[in-house]
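Every chain is numbered from 1, with letters handed out A, B, ... down the list of sequences. Below, each value reflects all heavy atoms present in this structure, side chains not excepted, and no hydrogens, waters or symmetry copies.
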Amino acid sequence: MSADDRRDPHTLSTGGGSGDDGDAESGTGDETDDGEPTHHAFWADAVADAVAARDPDDPVVIKGGVSPSGVAHLGNFNEIIRGYFVAEVLRERGHEVRQVFTSDDKDPLRKVPRKLADPDGNIVGLGEVDAGALGRNLGKPYTDIPDPFGEKESYAAHFASLLKADADRLGVPVEMVSNTDLYADGTFEPVVRKALERVDDAREVLGQYQDKVDETYVPFNPVCAECGKVTETVTAVDLEAGTVEYECTGMEAGGNEIEGCGHAGTATFREGKLPWRFEWPGQWGVLGVDFEPFGKDHAEGSWPSGVDIAENVLDVEPPVPMVYEWFTLNGEALSSSAGNIVTVPEILDLLEPEVLRYFFALDPKKARDLNLERLDQLVDRFDRFERAYFGEVDDEELTRFAERAYPFVVEEVREERVRLPYTFAAVLGMVEDPDFREQLARDEGHFDDDTPDWAVADALKRVEKARAWAERMDNEYNYRLQTELPAAEFDADVAAALDDLADFVAAGNDGEAIQGEMYETARRHDIEVSDFFAAGYRLFFDETQGPRLGEFLGELETDFVVDRLRREA
RNA sequence: GGGCCGGUAGCUCAGUUAGGGAGAGCGUCCGGCUUUUAACCGGACGGUCGGGGGUUCGAAUCCCUCCCGGCCCGCCA
């Protein structure tokens, strides 16, 4: 691989070579980094190869990063979970791996977010909090702004704790790192010093990417000692003293002009921040980053400039890069202001964490749509992927991928695990009684006497997810067994047929018999079978359609069914 | 306008790295489960592999070109 290839964030080669090594447990750190590329069914292996080729010191460091915003949403986890898979592959190969996620929390708040997530991750409007406190703090670092919910020490800490909580929910061990801390504890000080020492190089390099860089540009933004805002006018640098002189001139950000206070003062190298274009490669250096995935928005501008600055200003070796495509939600771009957003807790109400991890285990280069309406398709694909791991799917390609990726997707590989098909789980969600749900699943052959209790319990958990999905989408599975008699009128024929059926049920016949009897009864009363079923669905679901009715009724309490068929309760 | 990434069946996608049979699941349709009513089983239908051109005995795959979509190309991150 040439140096150019290594610098190309799109080169996510899945190798070339033999095609199967038969042995998934290949190696404890001494794997084939002999330059001979091997074919990989799982992209994370190809990335791990590239990382290993750098001969990194342990711990290998994998990083992601985010700028604090109002809401931590699923989009932020693209980066975290992609990094996680590479981390896991490297751990399997015997490396110690540290996965960090930096919060760019020394950045100034540029505009007040329209939506915020409360400490539980629920999205709330600005009206729920002291919006004025946010507005008064425009221009200050996120770490200097109070938590709008009054719990954490700052806005930044609030946001970071949300991300951390979501990562925990997904079982991704990630270490949150605060940029502000890196400045405060002196970690960044040598980087600031170097950028200022080599200010001419800094200007020349960054000038190739940003027009505003001129001969007065200084790659350091002090925090004003008077008003606390991040400023951009440095008037002098004293390398010996380790300070800069500045004027608080205010700044323009996103069309907003943030007023400076005019204060002129002195700041140390810890009392300010590097512009992000320097800060990013600076992080690579001080954290020793070996691999970093990033969204496609960074592929063309940020990444090349970061490499350039790392190599030609800061003397830092850039990490192995990887561009990932964005995913859309219900066909539209993620946007918290437009409300097209889903949070981790929200999605975990609808499916298991392993399904979500599976989604992010798929090829990062492909843009995908997370369609909540069709979530059953995603879950079905996961189930198939899981079966492929256990050799139960006749699909060579899928099986090769599953054999490699599946163990990283699930918390624990357990062959006896049972998955109820998602839409079937949604059908079970039409009733509330857990025993009834289990009985229906048993009748359908999903469990047998050998199914361990834990597997039954786990499988039934999906019913709650599918139920939440049916309710949230209000789709064709959103029926609920009616505990009260729905208001309905029936023809005399239909009424008589219902009475007949009630007698049949009262006689103690089972579900299968009831199903058969429904046809007989309808025929006997000379009514359309469809009309008769419709009457049944009306009585039990207050709907015109539903699940296979006879077998369903067979599982319910006999008295309840009889009374309902007689329209008595 | 330039650059990068993507475009395969109605839907969701695999296959493109290394040229050789166009595939899967779901949906649809038909049939089966004594008996149209969404859970189970079988079968069928379904694609100019975005269009065109080229290389090749042979192209979804390589090359050129065009179309469409996303991103980047002032600042910020």
**Prompt:** Are OP1 or OP2 of B/A14 and a side-chain N or O of A/R368 less than 4.0 angstrom apart?
**Reply:** yes
**Request:** Ignoring backbone atoms, test whether A/Q210 places a side-chain nitrogen or oxygen under 4.0 Å from the OP1 or OP2 oxygen of B/C76.
**Result:** yes
Separation of [X] atom [atom1] from [N] atom [atom2], in whole Å?
X      : N     : atom1 : atom2 : value
A/K365 : B/C13 : NZ    : C1'   : 16 Å
A/R381 : B/G27 : CZ    : C1'   : 14 Å
A/D526 : B/U35 : CG    : P     : 20 Å
A/D376 : B/A38 : CG    : P     : 17 Å
A/L428 : B/A38 : CG    : P     : 14 Å
A/F385 : B/C26 : CZ    : P     : 18 Å
A/R384 : B/C26 : CZ    : P     : 8 Å
A/D394 : B/G15 : CG    : C1'   : 15 Å

Sugar-phosphate, base or nothing in reach of [X], heavy atoms under 4.0 Å:
X      : result
A/K212 : sugar-phosphate
A/D531 : base
A/G516 : base
A/V529 : base
A/R277 : base

Integer angstrom distance from the [atom1] of [N] to that of [M]:
N     : M     : atom1 : value
B/G54 : B/U16 : P     : 26 Å
B/A60 : B/G74 : P     : 40 Å
B/A9  : B/U36 : C1'   : 29 Å
B/A39 : B/C26 : C1'   : 15 Å
B/G6  : B/U61 : C1'   : 16 Å
B/C40 : B/C45 : P     : 23 Å
B/C66 : B/G2  : P     : 8 Å
B/G21 : B/A14 : C1'   : 16 Å

If you check the [X] side chain, which of [options] turns out closest?
X      : options             : answer
A/D211 : B/A77, B/U35, B/C75 : B/C75
A/D104 : B/U35, B/C72, B/A77 : B/A77
A/R523 : B/U12, B/U35, B/A77 : B/U35
A/K366 : B/G6, B/C75, B/U35  : B/G6
A/Q377 : B/C71, B/U12, B/A24 : B/U12
A/K296 : B/U35, B/C71, B/A39 : B/C71
A/P421 : B/G74, B/A39, B/C40 : B/C40
A/Y537 : B/A38, B/A39, B/G7  : B/A38
A/W326 : B/A77, B/C13, B/C71 : B/C71
A/E397 : B/A14, B/C13, B/C71 : B/A14

**Prompt:** Does A/L362 or A/D395 map to a spot on RNA chain B nearer the 5' end, using the closest nucleotide for each?
**Reply:** A/L362
**Asked** Going from CD on A/E432 to CG on A/L481, what distance comes out if it is rounded to the nearest 0.5 angstrom?
**Response** 8.5 Å
**Message:** Any carboxylate oxygen within less than 4.0 angstrom of a Lys/Arg side-chain nitrogen, looking at A/K63 and A/E79?
**Reply:** no
**Request:** Look at A/E325 together with A/K365 and state whether they make a salt bridge at an N to O cut-off of under 4.0 Å.
**Result:** no
When you measure only distances, ignoring hydrogens and angles, does the side chain of [X] come within 3.5 Å of the base of [N] through a donor and an acceptor?
X      : N     : result
A/T423 : B/A39 : no
A/R374 : B/U12 : no
A/Y479 : B/A38 : yes

**Prompt:** Which of these, A/L274, A/V100, A/D104, sits in a side-chain contact (heavy atoms from CB on, under 4.5 Å) with A/Q283?
**Reply:** A/D104
**Message:** My understanding is that only one of A/I347, A/L334, A/L329 makes a side-chain contact (heavy atoms from CB on, under 4.5 Å) with A/H73; could you say which?
**Reply:** A/L334
**Asked** So, does A/D376 use its side chain to make a donor-acceptor pair with the main chain of A/Y422 at under 3.5 Å?
**Response** no
Please give the nucleotide sitting opposite [N] as a Watson-Crick or G-U wobble pair, both distances under 3.5 Å, or none.
N     : value
B/G27 : none
B/A9  : none
B/C57 : B/G20

**Message:** Check this for me: A/R114, atom CZ, are more than 12 non-hydrogen atoms of other residues, nucleotides or ligands nearer than 6.0 Å?
**Reply:** no
**Message:** Does A/R437 form a salt bridge (charged side-chain N to carboxylate O under 4.0 Å, His left out) with A/E464? I'd like the steps, not just the answer.
**Reply:** CA-CA 11 Å; A/R437 289 174 176 176; A/E464 290 301 332; 2.7 Å; yes
